[in-house]
Amino acid sequence: MTQMKNIVAKFAVEGTVTDIKPLGPGFINDTLIVKTEEGPKYILQRKNHIVFPDVPGMMNNIMMVTEHIKAKVAAEGGDPMREVLTIVKRKPESISAQEADLAYNDLYYKDEEGNFWAMCTFIEGSVTYEKADTPALAYKGGQGIGKFQAQLSDFTTPLSETIKGFHNIRWRFQQWEEALKRDAAGRVKDLAEEISWIESRKEEMLGFWSLVENGTIPTRVTHNDTKISNILFDAEGEVLCVIDLDTCMSSTSLNDFGDAIRSYTNTGAEDDRDLSKVSMSLEMFKAYTEGYLSERKDTLCKSELEWLAFSARYITFEQVLRFLMDYIDGDTYYKTNAPDHNLVRTHAQYKLLQSMEEQYDVMVGIVTNF
Ligand code: GN1
Ligand code: MG
């Protein structure tokens with residue numbers, strides 16, 4: 001507690017700190033809630049610098065993105081302290097001579113052990129959901145991400161790439177070729193069928209990505225983790241803001257739509273052993289898409305609309321590839337709970353991909369008819 005208090009003391013927190021406690025599950029960062037005698041609460045996070053090798057660049061991304069949204073919210077008469085995250089900066093006097101040369105040194109504190117700490121305000125009365133169970137909630141989730149993207153549709157400053165080539169399938173195929181060649185776990189010989197799922201779609205996936213590379217599909221701010229638990233709602237169930245901005249990067253906004261569809265619409269689990277449970281729910285697709293487009297119809301360009309439905313196949317395909325590649329590598333990236341866990345995930349995501357491919361014409365129709 002004393003150690004934590006000393007860390008918090010480096011930041012421009014108002015009030016006297018009374019309590020610091022862990023918050024939420026969090027697989028990547030450690031998140032704590034900081035309470036003060038006077039009332040305001042804060043979030044303190046230890047940022048995972050193994051997953052995010054450039055924490056200063058990442059914090060600067062978050063600062064730029066939140067400042068841009070704040071200006072928009074204020075101009076529209078909203079509440080910039082509730083409708084976007086607020087980073088708490090360092091107290092200028094706490095920045096030591098040794099820290100003077102560190103990039104963006106007012107946005108984080110690096111302790112003696114090399115851990116990075118950052119703070120933001122806690123939004124009082126906010127509510128989160130672990131899963132989108134109903135089309136009504138999926139619609140709201142779509143609105144949340146749509147609004148976030150619309151607020152950033154005129155943000156053109158390139159962001160630091162916090163995870164290299166995250167949704168770049170050309171880069172993923174490069175990693176894929178290397179993984180096949182290495183065959184680190186000796187599993188390739190048993191995977192002829194699964195490997196053919198990847199190889200048979202290579203051209204169409206690279207074809208899509210080349211439209212991003214040649215600028216036909218514009219590069220914007222992408223969130224890259226668009227699950228419903230990353231949206232804060234108010235007590236009335238209205239969207240307040242999008243959180244967990246660590247993976248914000250510059251790429252195609254279609255990534256965020258595609259990944260949301262991958263997670264919201266699955267009737268089974270991401271790692272379901274019972275493939276009969278796995279499919280894409282068109283009802284959930286329709287609800288999310290309508291919520292999303294209600295916020296974005298004026299700011300998306302023609303090519304984005306044209307490829308919107310396809311992006312769900314793209315991201316789901318990429319996930320099949322990433323799970324299979326990790327299985328081939330001997331399970332080094334994703335946490336697993338069984339020796340075949342990554343293979344089970346591969347099969348379940350492939351089933352979801354097939355379900356999307358089968359219903360693709362209807363998906364396109366829903367987008368077109370909006
Ligand atoms: C990881 O840990 P989580 O659920 O936020 C992964 C995503 C995958 C997801 C699959 C940084 O996200 O890209 O889609 O697992 N995040 C990273 O469950 O690799
Ligand atoms: Mg995440």
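We number each residue from 1, following the sequence as shown. In listed order, ligands and their atoms are each counted from 1.
- Because its NZ or CZ atom is not both nearer than 6.0 Å to the ring centre of F116 and within 45° of the ring axis, K47 does not count as a cation-pi partner of that residue.
- If you look at I163 next to ligand 1, the close heavy atoms, those under 4.0 Å, all belong to the side chain.
- Atoms of ligand 1 lying under 4.0 Å from any heavy atom of Y334, numbered from 1 in the order shown and given with element: 15 (O).
- The closest side-chain donor-acceptor pair between R90 and Y108, if any, does not fall under 3.5 angstrom.
- By the 6.0 Å and 45° rule, K164 stacks over the aromatic ring of W171.
- A cation-pi geometry, defined here as NZ or CZ lying under 6.0 Å from the six-membered ring centre and within 45° of its normal, does not hold between R313 and Y350.
- The heavy atom nearest to atom 9 (C) of ligand 1, considering only E318, K335, R262, is found in R262.
- For ligand 1, the atoms closer than 4.0 angstrom to any heavy atom of Y333 are 11 (C), 17 (C), 19 (O).
- Taking the six-membered ring for Trp and thresholds of 30 and 60 degrees, H223 and F148 have ring planes more than 60 degrees apart, a perpendicular arrangement.
- Stacking of K202 on the aromatic ring of F173 is recorded, both the 6.0 Å distance cut-off and the 45° axial limit being met.
- If you number the atoms of ligand 1 from 1 as listed, the ones under 4.0 Å from a heavy atom of D225 come out as 5 (O).
- Remark: among candidates Q349, R322, K227, the nearest residue to atom 6 (C) of ligand 1 is R322, based on non-hydrogen atoms.
- Taking every non-hydrogen atom of E270 and a distance limit under 4.0 Å, the qualifying atoms of ligand 1 come out as 10 (C), 18 (O).
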